[in-house]
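Just follow the structure's listing: the first ligand is 1, and inside any ligand the first atom is 1. Residues: numbered from 1 along the sequence shown.
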Amino acid sequence: MPKINDTSIYLSVVIPVYNEELTLRKLAKRLFPVLDSLKKPYEVIFTNDGSVDDSWLILKSLQVEYEGKITLVDFNANYGQHMAIMAGFSHVKGKVVMTMDADLQNPPEEIPAMLKKMDEGYDLVGGYRANRHENDHIVRRYCSKLMNIIRSKVTNIQMRDQGCMLRAYSRAIVDMITQTVETSTFIPALAFKLAARPTEIEVKHEARSEGTSNYSIYELIRVTLDLFTGFSLVPLHIFSIGGGIISFLSVILCGYLMLRRLIIGPEADGMFTLFAILFFLMGICITGIGIVGEYVGRTYQAVCRRPRYLIREVLDHTHERQES
Ligand code: UDP
Ligand code: MG
């Protein structure tokens with residue numbers, strides 16, 4: 001188990017890695033000089049999230065190169081970015097914990113500015129991407145803008161940019177996060193809920209120089225659903241209230257049709273209108289069942305109490321070899 005009370009380390013940087021063989025060395029070349037310039041003890045924890053390329057070998061060689069500074073956690077399979085961060089969190093030793101992406105989209109040079117904010121007494125410093133409009137694809141940009149708006153309305157989490165993983169957390173928040181039992185979670189949102197004094201600062205955002213984003217449209221939809229069902233019951237409320245209103249209106253329509261039949265006589269026309277209305281209502285029902293299913297699924301996972309991820313091995317920077 002990690003040494004929880006080791007307070008000599010000031011900063012722990014947690015980086016999830018999934019098929020990043022092309023960027024890891026570049027990342028190290030930029031990250032370590034920045035961390036060295038802080039002149040405080042630090043560690044960097046890389047979680048290899050089941051990469052199928054040479055990422056793990058590169059990470060091991062970096063660990064040798066930057067001796068005593070890197071801890072490696074190796075998953076036995078791919079559990080996703082947030083679980084990789086979660087596993088990193090459970091091995092941190094620092095007082096302040098930062099997360100960043102391995103693909104160099106988060107410039108390491110922004111780290112000192114975020115730490116300065118932490119020193120001012122904030123317990124969570126989120127980054128929001130300044131120049132993302134220049135670098136990201138237009139469809140993606142608008143999708144994430146729309147998602148940010150819906151998310152802040154539905155979950156009541158006021159974050160300018162939930163997609164930016166360059167963030168600093170107090171150790172207390174990180175410890176609370178690792179104690180949660182949720183099988184799928186969205187770390188920035190969870191941290192925001194747990195923070196007492198959160199703030200946000202503008203950070204630079206670079207286009208991916210190598211490889212492509214590891215997120216498919218399907219995964220983006222999944223993350224969005226996880227976020228909604230993990231942090232809000234509003235989708236359920238919308239369906240119960242919406243269902244109630246629709247039922248009420250249907251009763252009025254039935255009453256009207258009954259009266260019409262008594263006064264004017266039976267009607268045979270309007271069949272297709274009826275179909276249209278039926279399909280509409282069926283669509284709503286199916287979506288509603290799907291949303292309920294999302295919550296049932298989460299409950300199921302929580303009840304199963306399966307491990308959220310399986311760690312193959314941990315190569316600690318203090319050279320304690322831990323296996324599980
Ligand atoms: N990542 C991960 N597991 C995954 C997908 C991504 O650990 O299943 C890591 C990836 O290596 C990178 C970060 O999460 O460090 C962000 O991933 P990506 O750049 O693909 O996402 P985007 O920038 O498009 O949001
Ligand atoms: Mg990226």
Side-chain angles (χ1 to χ4, degrees), residues 13-28 30-31 44-59 62 70-91 97-108 110-111 126-148 151 159-167 183-189 203-224 226-227 308-312:
V13 182
V14 174
I15 306 178
V17 175
Y18 179 61
N19 296 344
E20 302 282 4
E21 61 180 4
L22 296 173
T23 53
L24 284 173
R25 286 188 189 285
K26 284 189 207 163
L27 171 70
R30 278 176 61 185
L31 176 64
V44 180
I45 300 166
F46 288 98
T47 307
N48 177 36
D49 186 17
S51 298
V52 290
D53 63 359
D54 282 339
S55 295
W56 179 241
L57 292 178
I58 296 172
L59 285 174
L62 285 174
I70 297 181
T71 288
L72 301 178
V73 179
D74 189 25
F75 277 175
N76 71 334
N78 178 248
Y79 295 94
Q81 179 186 5
H82 292 268
M83 280 306 125
I85 294 174
M86 196 70 101
F89 276 1
S90 61
H91 288 86
V97 180
M98 291 197 62
T99 54
M100 64 183 290
D101 287 349
D103 58 7
L104 278 174
Q105 283 190 276
N106 305 142
E110 300 281 354
I111 290 176
Y128 59 88
R129 291 167 280 186
N131 51 348
R132 68 179 307 197
H133 300 277
E134 295 153 29
N135 295 326
D136 273 358
H137 189 266
I138 182 157
V139 177
R140 197 173 173 139
R141 220 159 66 203
Y142 281 100
C143 281
S144 79
K145 214 173 195 167
L146 182 72
M147 201 187 120
N148 269 348
R151 192 216 58 246
M159 245 189 298
R160 276 182 75 151
D161 183 0
Q162 46 81 31
C164 179
M165 290 309 284
L166 189 58
R167 286 166 185 279
T183 42
S184 61
T185 194
F186 195 76
I187 287 174
V203 294
K204 287 206 188 71
H205 172 61
E206 291 168 20
R208 229 177 198 282
S209 58
E210 305 288 349
T212 50
S213 168
N214 288 311
Y215 276 107
S216 61
I217 291 288
Y218 168 76
E219 277 157 350
L220 280 180
I221 295 173
R222 271 247 49 85
V223 168
T224 313
D226 276 351
L227 194 58
R308 294 186 277 195
Y309 45 78
L310 268 176
I311 293 176
R312 199 181 276 150

Which atoms of ligand 1 are found less than 4.0 Å from any heavy atom of Q105? 19 (O), 23 (O)
Could a heavy atom of G163 be found less than 4.0 Å from some atom of ligand 1? no
For atom 20 (O) of ligand 1, grab the closest protein heavy atom and report residue, atom and distance to one decimal in Å. N214 N, 2.5 Å
Identify, for atom 1 (N) of ligand 1, the protein heavy atom at the shortest distance, and state residue, atom and that distance. Y18 CB, 3.6 Å
Counting non-hydrogen protein atoms only, what is the nearest one to atom 22 (P) of ligand 1? Give residue, atom name and distance. S213 OG, 3.8 Å
May I ask you to check if ligand 1 and A84 share an N or O to N or O distance below 3.5 Å? no
Quick check: does any side chain N or O of S51 sit under 3.5 Å from a backbone N or O of N48, one acting as donor and the other as acceptor? no
Find all atoms of ligand 1 within a distance of less than 4.0 Å from any non-hydrogen atom belonging to D103, and give their numbers and elements. 18 (P), 19 (O), 23 (O)
Per-atom contacts, ligand 1 versus V17 - under 4.0 Å to a heavy atom: 7 (O), 11 (O)
Look up atom CG in L59 and atom CD1 in I15, then write down how far apart they are to the nearest 0.5 Å. 9.0 Å
D103, N/O/S atom nearest the Mg ion (ligand 2): OD2
Can you tell me how far apart CG (L27) and CG (L104) are? Round to the nearest 0.5 Å. 5.0 Å
Atom pair CD/CG of E206 and D101 - distance to nearest 0.5 Å: 12.0 Å
For atom 13 (C) of ligand 1, the closest protein heavy atom turns out to be D101 OD1, 3.5 Å
Using every non-hydrogen atom in the two residues, find where A87 and Y309 come nearest and quote the distance to one decimal. CA-OH, 3.4 Å
To which protein heavy atom is atom 21 (O) of ligand 1 closest, and what is the distance rounded to 0.1 Å? Y215 CD1, 3.3 Å
Starting at CE of M165, measure out to OG1 of T99 and round the result to the nearest 0.5 Å. 4.5 Å
Inter-residue atom distance H91.NE2 - T71.OG1, 0.5 Å rounding: 8.5 Å
Heavy-atom closest pair, residues D49 and Q81: OD2-N, 3.8 Å
What atoms in ligand 1 come closer than 4.0 Å to a heavy atom of A102? 12 (C), 15 (O)
Taking all atoms of both residues into account, what is the closest heavy-atom pair of D103 and T23, and its distance? CA-OG1, 4.0 Å
Please identify which atoms of ligand 1 are closer than 4.0 Å to at least one heavy atom of N78. 3 (N), 4 (C), 8 (O)
Which residue holds the protein heavy atom closest to atom 9 (C) of ligand 1, what is that atom called, and what is the gap in Å? P16 O, 3.8 Å
NZ-CG distance between K204 and L166, expressed to the nearest 0.5 angstrom: 11.5 Å
At what distance is the nearest protein heavy atom to atom 18 (P) of ligand 1, and which residue and atom is it? R208 NH2, 3.6 Å
From the candidates E20, Q81, M100, the one that places a heavy atom nearest atom 12 (C) of ligand 1: E20
Say whether D53 and S55, considering side chains only, have a donor N or O and an acceptor N or O under 3.5 Å apart. yes
Looking only at protein heavy atoms, identify the closest one to atom 4 (C) of ligand 1 and say how far it is in Å. D49 OD2, 3.4 Å
